[in-house]
Amino acid sequence: MHEYTSTSRVWGLSCPGFPEEVSRARRWTRDILRGSPLADDAELIVSELSANAILHTASGREHGSFHLAVCVSAQVVAVSVTDDGGVGGTPKVGHDQDQDAEHGRGLGMVSAIAHRVVVHDSDHGHTVTAELYADPRGEGRPCGTT
C-alpha cells in the first residue's frame with residue numbers, strides 16, 4: 001500500500017451548542033454509517049456525548065459549540081465529540097454511578113456499549129472518543145492506522 005493511502009475514512013461536523021443539534025448529530029452519524037451493523041450503537045453514543053457537551057460544558061453556553069468526528073475502517077468505528085470545556089471537571093468514564101440518579105450515568109452507558117472509551121483534555125476542552133470494533137472478540141486497530 002502507498003504510504004499516503006489510508007483504509008480509514010474520517011468525517012467531521014461542527015454544531016452550535018443548541019439542544020436541537022443533538023438530533024442533527026445523530027442523523028448525520030446514521031447517514032454516514034448507513035448499512036453498518038455498528039450504526040445503532042454509534043448513533044446512541046453520539047447522542048449521549050453531544051448532549052453531555054451541551055449540558056455539562058461551555059458548549060451549551062452562548063456562542064458555544066461542539067465538534068463531532070466519525071472515523072470508519074474495516075475494523076473500527078470511532079466517534080469523538082469535542083466540547084468547549086470551561087465548566088466543571090474532566091468527564092469521568094466508569095460504571096460506579098448511582099443507578100437511581102437522574103444525571104451522571106451517560107458515560108457509564110457509553111462505556112458499556114463501546115469496546116473502548118478514551119477522554120483527552122486540552123486547554124480548549126475535552127474530547128471523548130468511543131470505539132466500536134467490527135469483531136467484538138478481538139481488538140480493532142485504531143482508525144487511521146494501517
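Numbers here are sequence positions counted from 1. Computed from a predicted model, the values in this text were never measured in an experiment.
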Kindly check if the number of other-residue, nucleotide or ligand heavy atoms within 6.0 Å of CD (E20) is above 12? yes
Given 3.5 Å as the limit, does a donor-acceptor pair link the side chain of [X] with the main chain of [Y], or not?
X	Y	value
D83	G125	no
T29	A25	yes
S59	S65	yes

Please report the shortest heavy-atom distance between [X] and [Y], naming the atom on each side.
X	Y	answer
F66	V81	CD1-CG1, 4.2 Å
V117	S111	CG2-CA, 3.7 Å
A114	A130	CB-CB, 3.9 Å

Using the rule that Ile, Leu, Val, Met, Phe, Trp and Tyr join whenever any side-chain heavy atoms are under 4.5 Å apart, tell me whether V22 and M109 fall into a single cluster.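 Yes; M109 is reachable from V22 via cluster members.
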Could you state the interatomic distance from [atom1] ([X]) to [atom2] ([Y]), rounded to the nearest 0.5 Å?
X	Y	atom1	atom2	answer
L38	E131	CG	CD	12.0 Å
H63	D84	NE2	CG	12.0 Å
H126	H56	NE2	NE2	12.0 Å
E43	D31	CD	CG	9.5 Å
T82	H124	OG1	NE2	11.5 Å
L107	L49	CG	CG	6.5 Å

Those residues at least two apart in sequence (or on a different chain) that pass side-chain hydrogen bond (donor to acceptor under 3.5 Å, both in side chains) with S122 are none
Side chain to side chain, [X] and [Y], heavy atoms closer than 4.5 Å:
X	Y	answer
W11	L68	no
L132	V79	no
W28	V70	yes

Between N52 and V110, does the side chain to side chain contact (heavy atoms under 4.5 Å, CB included) criterion hold? Intermediate values first, please. CA-CA 11 Å; N52 282 352; V110 168; 6.0 Å; no
Can you confirm whether the side chains of S80 and T129 place a donor and an acceptor under 3.5 Å from each other? yes
Apply salt bridge (Lys or Arg N to Asp or Glu O under 4.0 Å) to R24 and list each qualifying residue two or more places apart in sequence or on a separate chain.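 In terms of salt bridge (Lys or Arg N to Asp or Glu O under 4.0 Å), with neighbours along the sequence ignored, R24 is linked to E21.
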